[in-house]
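Start at 1 with the first residue, then count along the sequence.
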Amino acid sequence: MKAVVFLGEGKIDIRDYPDPVPGPDEVVLRMKASGMCGSDLHHLHEPRRSEDRIVIEGHEPCGVVEAVGTAVHPSQARIGDRVMVHHYDGCRNCEHCRSGWTQLCEGGLVVYGGHNGNGAHAEFMKVPAHSLIKLHDDMSFKSGAAVACGSGTAYAALKRIDLAGDETVAVFGQGPVGLSVTMFAKAMGARVIALDVGKERLQMARSFGADEVINPLEVDPVAAIRDLTRGGSGADKSVECSSNLDARRQAIQCTRVWGTACMIGVTGDVHFHSNDIILKNRSVVGSLTFSKNLQAACADFVMERGIDVDRLFTHEFRLEQAEEAYRLFDQKKIGKGVFLFD
(Lines give C-alpha, C1' and ligand atoms only; values in the text may rest on other atoms or scores of the structure.)
Protein backbone atom coordinates (compact mmCIF):
# COMPACT_ATOMS: atom_id res chain seq x y z
CA MET A 1 0.00 0.00 0.00
CA LYS A 2 0.99 3.67 -0.44
CA ALA A 3 1.43 5.81 2.66
CA VAL A 4 2.55 9.33 3.59
CA VAL A 5 5.40 9.84 6.06
CA PHE A 6 7.13 12.93 7.42
CA LEU A 7 10.91 12.84 7.57
CA GLY A 8 11.29 16.01 9.64
CA GLU A 9 12.59 19.42 8.59
CA GLY A 10 9.57 19.86 6.30
CA LYS A 11 10.30 16.79 4.17
CA ILE A 12 7.53 14.42 3.01
CA ASP A 13 7.79 11.02 1.38
CA ILE A 14 5.26 8.59 -0.08
CA ARG A 15 6.38 5.04 0.60
CA ASP A 16 5.28 1.50 -0.12
CA TYR A 17 4.33 -0.60 2.89
CA PRO A 18 2.99 -4.15 3.13
CA ASP A 19 -0.78 -4.27 3.54
CA PRO A 20 -1.44 -4.66 7.28
CA VAL A 21 -2.82 -7.88 8.77
CA PRO A 22 -4.92 -7.66 11.96
CA GLY A 23 -3.83 -9.28 15.19
CA PRO A 24 -6.43 -11.12 17.29
CA ASP A 25 -7.94 -7.96 18.84
CA GLU A 26 -7.35 -5.67 15.86
CA VAL A 27 -9.09 -4.59 12.68
CA VAL A 28 -7.83 -3.28 9.35
CA LEU A 29 -9.68 -0.38 7.77
CA ARG A 30 -9.85 0.53 4.13
CA MET A 31 -9.47 4.30 4.38
CA LYS A 32 -12.12 6.55 2.87
CA ALA A 33 -11.15 9.94 4.33
CA SER A 34 -8.16 11.18 6.32
CA GLY A 35 -8.21 14.78 7.47
CA MET A 36 -5.32 17.23 7.69
CA CYS A 37 -4.87 18.83 11.11
CA GLY A 38 -2.91 21.89 12.20
CA SER A 39 -0.95 19.75 14.65
CA ASP A 40 0.42 17.82 11.64
CA LEU A 41 2.59 20.84 10.91
CA HIS A 42 4.41 20.41 14.23
CA HIS A 43 5.33 16.86 13.18
CA LEU A 44 6.27 18.04 9.69
CA HIS A 45 8.79 20.56 11.00
CA GLU A 46 10.36 18.46 13.75
CA PRO A 47 14.11 17.84 13.56
CA ARG A 48 15.18 15.16 11.10
CA ARG A 49 13.71 11.80 12.14
CA SER A 50 15.66 8.57 12.32
CA GLU A 51 14.15 5.65 10.42
CA ASP A 52 12.94 3.97 13.62
CA ARG A 53 10.85 7.09 14.46
CA ILE A 54 9.15 7.42 11.09
CA VAL A 55 5.45 6.48 11.16
CA ILE A 56 2.57 6.89 8.75
CA GLU A 57 0.87 10.26 9.28
CA GLY A 58 -2.81 11.13 9.68
CA HIS A 59 -4.85 11.13 12.89
CA GLU A 60 -8.32 11.93 11.55
CA PRO A 61 -9.28 8.47 10.26
CA CYS A 62 -12.56 7.38 8.73
CA GLY A 63 -13.14 4.26 6.66
CA VAL A 64 -14.67 0.83 6.27
CA VAL A 65 -13.70 -2.33 8.14
CA GLU A 66 -11.76 -4.52 5.70
CA ALA A 67 -10.53 -7.34 7.98
CA VAL A 68 -11.24 -8.43 11.55
CA GLY A 69 -9.04 -10.26 14.06
CA THR A 70 -10.04 -13.63 15.44
CA ALA A 71 -10.80 -12.32 18.96
CA VAL A 72 -12.91 -9.33 17.87
CA HIS A 73 -16.55 -9.72 18.88
CA PRO A 74 -19.13 -8.96 16.16
CA SER A 75 -20.58 -6.21 18.39
CA GLN A 76 -17.24 -4.40 18.10
CA ALA A 77 -16.70 -4.69 14.37
CA ARG A 78 -17.89 -6.51 11.29
CA ILE A 79 -16.46 -6.40 7.79
CA GLY A 80 -18.13 -3.53 5.94
CA ASP A 81 -18.83 -1.36 9.01
CA ARG A 82 -18.42 2.37 8.42
CA VAL A 83 -16.29 3.69 11.29
CA MET A 84 -14.26 6.50 12.80
CA VAL A 85 -11.22 5.86 14.97
CA HIS A 86 -10.42 7.22 18.43
CA HIS A 87 -6.77 7.54 17.48
CA TYR A 88 -5.19 6.31 20.72
CA ASP A 89 -4.24 3.10 22.50
CA GLY A 90 -2.87 2.61 26.00
CA CYS A 91 -2.48 0.05 28.74
CA ARG A 92 -6.27 -0.57 28.57
CA ASN A 93 -6.26 -1.13 32.31
CA CYS A 94 -5.89 2.22 34.05
CA GLU A 95 -8.79 4.45 35.05
CA HIS A 96 -8.22 6.69 32.02
CA CYS A 97 -8.27 3.87 29.48
CA ARG A 98 -11.32 2.28 31.12
CA SER A 99 -13.20 5.60 31.08
CA GLY A 100 -12.49 6.20 27.40
CA TRP A 101 -9.82 8.88 27.98
CA THR A 102 -7.08 6.70 26.50
CA GLN A 103 -4.93 9.72 25.59
CA LEU A 104 -4.32 10.32 29.32
CA CYS A 105 -2.82 6.86 29.83
CA GLU A 106 0.59 6.92 31.49
CA GLY A 107 1.34 3.24 30.99
CA GLY A 108 2.10 2.89 27.30
CA LEU A 109 0.32 5.55 25.26
CA VAL A 110 0.14 5.09 21.49
CA VAL A 111 -0.99 7.98 19.28
CA TYR A 112 -1.82 6.88 15.76
CA GLY A 113 -0.60 9.20 13.03
CA GLY A 114 2.50 11.29 13.59
CA HIS A 115 3.59 10.19 17.06
CA ASN A 116 4.39 6.51 17.63
CA GLY A 117 1.70 4.60 15.75
CA ASN A 118 0.93 4.32 12.05
CA GLY A 119 -1.91 6.58 11.00
CA ALA A 120 -4.52 7.14 8.33
CA HIS A 121 -2.65 8.76 5.43
CA ALA A 122 -2.53 5.36 3.75
CA GLU A 123 -4.74 3.00 1.83
CA PHE A 124 -5.19 0.80 4.91
CA MET A 125 -4.86 1.34 8.68
CA LYS A 126 -4.57 -1.24 11.46
CA VAL A 127 -6.04 -0.30 14.88
CA PRO A 128 -7.31 -2.04 18.02
CA ALA A 129 -11.01 -2.88 17.75
CA HIS A 130 -11.78 -0.96 20.97
CA SER A 131 -10.84 2.31 19.22
CA LEU A 132 -13.64 2.09 16.64
CA ILE A 133 -16.73 4.30 16.74
CA LYS A 134 -19.56 3.53 14.35
CA LEU A 135 -20.33 6.17 11.73
CA HIS A 136 -23.96 7.13 11.15
CA ASP A 137 -25.29 5.78 7.86
CA ASP A 138 -26.16 9.29 6.68
CA MET A 139 -22.88 10.86 7.81
CA SER A 140 -20.19 11.42 5.17
CA PHE A 141 -16.71 10.00 5.53
CA LYS A 142 -15.38 13.58 5.43
CA SER A 143 -17.55 14.56 8.40
CA GLY A 144 -16.39 11.46 10.24
CA ALA A 145 -12.77 12.46 9.65
CA ALA A 146 -13.45 15.94 11.05
CA VAL A 147 -15.14 14.56 14.15
CA ALA A 148 -12.22 12.12 14.61
CA CYS A 149 -10.02 15.03 15.70
CA GLY A 150 -10.59 18.74 15.03
CA SER A 151 -14.36 19.00 15.35
CA GLY A 152 -14.45 16.45 18.15
CA THR A 153 -11.88 18.54 20.01
CA ALA A 154 -14.10 21.60 19.61
CA TYR A 155 -17.16 19.76 20.91
CA ALA A 156 -15.28 18.42 23.94
CA ALA A 157 -13.99 21.90 24.81
CA LEU A 158 -17.54 23.29 24.85
CA LYS A 159 -18.59 20.44 27.10
CA ARG A 160 -15.56 21.10 29.30
CA ILE A 161 -16.74 24.66 29.97
CA ASP A 162 -20.39 23.59 30.22
CA LEU A 163 -21.53 26.20 27.71
CA ALA A 164 -25.18 27.19 28.10
CA GLY A 165 -27.54 28.64 25.52
CA ASP A 166 -27.94 31.93 27.39
CA GLU A 167 -24.19 32.61 27.50
CA THR A 168 -21.73 34.55 25.36
CA VAL A 169 -18.55 32.76 24.29
CA ALA A 170 -15.48 34.38 22.69
CA VAL A 171 -13.65 32.06 20.30
CA PHE A 172 -10.01 33.01 19.65
CA GLY A 173 -8.73 31.64 16.33
CA GLN A 174 -10.92 30.64 13.40
CA GLY A 175 -8.95 27.83 11.87
CA PRO A 176 -10.72 24.48 11.45
CA VAL A 177 -10.98 23.83 15.20
CA GLY A 178 -12.07 27.39 15.99
CA LEU A 179 -14.67 27.33 13.22
CA SER A 180 -15.99 24.09 14.67
CA VAL A 181 -16.24 25.75 18.09
CA THR A 182 -18.11 28.66 16.50
CA MET A 183 -20.49 26.35 14.63
CA PHE A 184 -21.19 24.06 17.58
CA ALA A 185 -21.56 26.90 20.11
CA LYS A 186 -24.12 28.54 17.85
CA ALA A 187 -25.98 25.24 17.50
CA MET A 188 -26.04 25.05 21.32
CA GLY A 189 -27.82 28.41 21.38
CA ALA A 190 -24.95 30.57 22.63
CA ARG A 191 -23.99 34.03 21.40
CA VAL A 192 -20.63 33.75 19.64
CA ILE A 193 -17.89 36.38 19.28
CA ALA A 194 -15.25 35.13 16.84
CA LEU A 195 -11.70 36.50 16.73
CA ASP A 196 -8.95 36.08 14.15
CA VAL A 197 -6.30 38.18 12.42
CA GLY A 198 -7.35 36.93 8.96
CA LYS A 199 -10.19 38.66 7.14
CA GLU A 200 -11.12 35.53 5.16
CA ARG A 201 -11.33 33.49 8.34
CA LEU A 202 -13.55 36.11 9.94
CA GLN A 203 -15.81 35.98 6.89
CA MET A 204 -15.99 32.22 7.27
CA ALA A 205 -16.80 32.62 10.96
CA ARG A 206 -19.74 34.86 10.00
CA SER A 207 -20.99 32.25 7.57
CA PHE A 208 -20.65 29.58 10.27
CA GLY A 209 -22.89 31.53 12.64
CA ALA A 210 -20.74 34.01 14.57
CA ASP A 211 -22.83 36.91 15.91
CA GLU A 212 -19.85 39.29 16.08
CA VAL A 213 -16.33 39.18 14.63
CA ILE A 214 -13.21 40.97 15.87
CA ASN A 215 -9.76 41.39 14.32
CA PRO A 216 -7.25 41.82 17.19
CA LEU A 217 -4.88 43.65 14.82
CA GLU A 218 -7.43 46.43 14.39
CA VAL A 219 -8.84 46.90 17.91
CA ASP A 220 -8.09 45.97 21.49
CA PRO A 221 -9.92 42.61 21.60
CA VAL A 222 -10.52 42.62 25.35
CA ALA A 223 -12.08 46.10 25.22
CA ALA A 224 -14.07 45.20 22.12
CA ILE A 225 -15.52 42.09 23.78
CA ARG A 226 -16.45 44.09 26.86
CA ASP A 227 -18.17 46.66 24.66
CA LEU A 228 -20.27 43.87 23.20
CA THR A 229 -21.43 42.48 26.54
CA ARG A 230 -23.98 43.78 29.00
CA GLY A 231 -22.55 46.42 31.29
CA GLY A 232 -19.08 45.76 29.92
CA SER A 233 -18.89 42.62 32.06
CA GLY A 234 -17.13 40.45 29.46
CA ALA A 235 -17.86 37.07 27.91
CA ASP A 236 -19.18 34.27 30.09
CA LYS A 237 -16.75 31.79 28.55
CA SER A 238 -13.87 31.80 26.06
CA VAL A 239 -12.12 29.14 24.01
CA GLU A 240 -8.57 29.73 22.76
CA CYS A 241 -7.69 27.72 19.65
CA SER A 242 -4.59 29.42 18.21
CA SER A 243 -1.85 28.68 20.80
CA ASN A 244 -0.88 32.35 20.45
CA LEU A 245 0.55 33.78 23.69
CA ASP A 246 -1.29 37.12 23.42
CA ALA A 247 -4.55 35.42 22.48
CA ARG A 248 -4.31 33.15 25.49
CA ARG A 249 -3.86 36.09 27.83
CA GLN A 250 -6.72 37.96 26.14
CA ALA A 251 -8.97 34.90 26.35
CA ILE A 252 -8.58 35.02 30.12
CA GLN A 253 -8.91 38.80 30.49
CA CYS A 254 -12.02 39.07 28.31
CA THR A 255 -14.15 36.88 30.56
CA ARG A 256 -16.42 38.23 33.26
CA VAL A 257 -16.14 37.69 37.01
CA TRP A 258 -16.56 33.93 37.59
CA GLY A 259 -15.86 33.39 33.88
CA THR A 260 -14.03 30.42 32.38
CA ALA A 261 -11.32 30.34 29.71
CA CYS A 262 -10.50 27.06 27.94
CA MET A 263 -7.17 26.38 26.23
CA ILE A 264 -7.18 23.86 23.36
CA GLY A 265 -3.81 24.38 21.62
CA VAL A 266 -1.13 21.98 22.84
CA THR A 267 2.02 24.02 22.18
CA GLY A 268 3.54 27.19 23.64
CA ASP A 269 3.15 28.92 26.99
CA VAL A 270 0.26 30.47 28.89
CA HIS A 271 1.25 33.72 30.65
CA PHE A 272 -1.06 35.76 32.84
CA HIS A 273 -0.91 37.91 35.95
CA SER A 274 -2.23 36.14 39.03
CA ASN A 275 -4.68 38.99 39.61
CA ASP A 276 -6.34 38.16 36.29
CA ILE A 277 -7.44 34.93 37.94
CA ILE A 278 -7.65 35.60 41.67
CA LEU A 279 -9.34 39.00 41.76
CA LYS A 280 -12.04 37.91 39.30
CA ASN A 281 -12.57 34.34 40.53
CA ARG A 282 -11.94 33.14 36.98
CA SER A 283 -11.18 29.57 35.97
CA VAL A 284 -8.64 28.52 33.35
CA VAL A 285 -8.97 24.96 32.07
CA GLY A 286 -7.34 22.80 29.45
CA SER A 287 -9.05 20.37 27.10
CA LEU A 288 -7.14 17.60 25.32
CA THR A 289 -9.11 16.19 22.39
CA PHE A 290 -12.00 13.98 23.63
CA SER A 291 -12.96 10.63 25.08
CA LYS A 292 -14.41 7.81 22.99
CA ASN A 293 -17.83 8.59 24.43
CA LEU A 294 -17.52 12.28 23.55
CA GLN A 295 -16.44 11.43 20.01
CA ALA A 296 -19.60 9.37 19.60
CA ALA A 297 -21.67 12.13 21.23
CA CYS A 298 -20.21 14.72 18.85
CA ALA A 299 -21.25 12.61 15.86
CA ASP A 300 -24.75 12.30 17.34
CA PHE A 301 -24.88 16.07 17.88
CA VAL A 302 -23.85 16.74 14.27
CA MET A 303 -26.53 14.42 12.93
CA GLU A 304 -29.34 15.49 15.28
CA ARG A 305 -28.77 19.20 14.66
CA GLY A 306 -28.14 18.82 10.93
CA ILE A 307 -24.75 20.55 11.13
CA ASP A 308 -22.86 20.66 7.85
CA VAL A 309 -19.38 19.74 9.06
CA ASP A 310 -18.31 19.06 5.46
CA ARG A 311 -18.19 22.84 4.99
CA LEU A 312 -15.00 22.93 7.05
CA PHE A 313 -13.08 21.31 4.21
CA THR A 314 -11.93 23.75 1.57
CA HIS A 315 -9.77 21.32 -0.43
CA GLU A 316 -9.73 17.62 -1.29
CA PHE A 317 -6.60 15.70 -2.26
CA ARG A 318 -5.41 12.28 -3.34
CA LEU A 319 -2.61 10.62 -1.43
CA GLU A 320 -0.10 11.23 -4.22
CA GLN A 321 -0.70 14.98 -3.81
CA ALA A 322 0.51 14.99 -0.19
CA GLU A 323 3.56 17.18 -0.76
CA GLU A 324 1.50 19.86 -2.54
CA ALA A 325 -1.32 19.59 0.01
CA TYR A 326 0.94 20.17 3.02
CA ARG A 327 2.89 22.93 1.27
CA LEU A 328 -0.36 24.86 0.71
CA PHE A 329 -1.60 24.04 4.22
CA ASP A 330 1.69 25.15 5.79
CA GLN A 331 1.56 28.45 3.85
CA LYS A 332 -2.07 29.00 4.96
CA LYS A 333 -3.18 29.11 1.32
CA ILE A 334 -5.96 26.62 2.03
CA GLY A 335 -8.27 25.95 4.94
CA LYS A 336 -8.83 22.40 6.10
CA GLY A 337 -7.80 19.70 3.64
CA VAL A 338 -8.74 16.03 3.43
CA PHE A 339 -7.33 13.03 1.60
CA LEU A 340 -10.04 10.97 -0.10
CA PHE A 341 -9.72 7.39 -1.30
CA ASP A 342 -11.64 5.32 -3.83
Handout entry: For Phe184, the option from Leu163, Ile307, Val192 that meets side chain to side chain contact (heavy atoms under 4.5 Å, CB included)
Key =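 Running side chain to side chain contact (heavy atoms under 4.5 Å, CB included) over Leu163, Ile307, Val192 with Phe184 returns exactly one hit, Ile307.
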Fill in the blank from the handout: The single option from Ser238, Ser242, Ser243 that satisfies side-chain hydrogen bond (donor to acceptor under 3.5 Å, both in side chains) with Glu240 is Ser242
Exercise for the section: Only one of Arg206, Arg191, Lys186 passes side-chain hydrogen bond (donor to acceptor under 3.5 Å, both in side chains) with Asp211; say which it is. Expected result: Lys186
Any donor-acceptor pair under 3.5 Å from [X] side chain to [Y] backbone:
X	Y	value
Arg92	His130	no
Asp196	Gln174	yes
Arg248	Asp269	yes
Glu123	Lys2	yes
His136	Asp138	no
Asn116	Leu109	yes
Arg256	Thr229	no
Arg282	Thr260	no
Glu57	Asp40	no
Lys237	Ile161	yes

Rounded to the nearest 0.5 Å, how far apart are [atom1] of [X] and [atom2] of [Y]?
X	Y	atom1	atom2	value
Glu106	Cys94	CD	SG	8.0 Å
Ile277	Thr255	CD1	OG1	7.5 Å
Asp220	Gln253	CG	CD	8.5 Å
Asp162	Glu167	CG	CD	7.5 Å
Leu7	Arg15	CG	CZ	5.5 Å

Non-hydrogen atoms of [X] and [Y] that approach each other most closely:
X	Y	answer
Ala122	Met31	O-CG, 3.0 Å
Ala322	Ile12	O-CD1, 4.0 Å
Val338	Met36	N-SD, 4.3 Å
Leu340	Lys142	CD2-CG, 3.8 Å
Val147	Gln295	CG1-O, 3.7 Å
Val4	Ile14	CG2-CG1, 4.3 Å

Handout entry: Aromatic ring proximity Tyr155/Phe290, centre distance under 6.0 Å
Key = no
Handout entry: Carboxylate-amine/guanidinium proximity below 4.0 Å for Arg230 and Asp236
Key =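 Judged by the 4.0 Å cut-off on N to carboxylate O distance, Arg230 and Asp236 do not form a salt bridge.
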Practice task
Determine, for Asp330 against Arg327, whether the closest basic-nitrogen to carboxylate-oxygen distance falls under 4.0 angstrom.
Solution key: no
Exercise for the section: Please determine if Arg82 forms a cation-pi arrangement with Phe141, meaning its NZ or CZ atom is less than 6.0 Å from the six-membered ring centre and no more than 45° off the ring axis. Expected result: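 Checked: cation-pi criterion met.
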Problem - Charged tip of Arg311 within 45° of Phe208 ring normal and under 6.0 Å - result: yes
State plainly whether one hydrophobic cluster holds both [X] and [Y], where clusters connect Ile, Leu, Val, Met, Phe, Trp and Tyr through side-chain heavy atoms under 4.5 angstrom apart.
X	Y	result
Val197	Val239	no
Ile334	Leu179	no
Val83	Val302	no

Problem - Plane angle bin for Tyr326 and Phe6 - parallel if under 30°, tilted between 30 and 60°, otherwise perpendicular - result: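 Rings of Phe6 and Tyr326: perpendicular, over 60°.
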Exercise for the section: Name the orientation class of the two ring planes belonging to Phe317 and Phe339 (parallel below 30°, tilted from 30 to 60°, perpendicular beyond 60°). Expected result: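 Phe317 vs Phe339 ring planes: tilted.
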Practice task
May I ask you to check whether Tyr112 and Ser131 show a side-chain donor-acceptor distance below 3.5 Å?
Solution key: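 The answer is no; no qualifying pair exists.
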Handout entry: Asn293 versus Ser291, side-chain donor and acceptor atoms under 3.5 Å
Key = no
Handout entry: Side chains of Phe172 and Cys254 in contact at under 4.5 Å (non-hydrogen atoms)
Key = yes
Problem - Neighbour count >12 (heavy atoms, 6.0 Å) for atom CD, Glu320 - result: yes
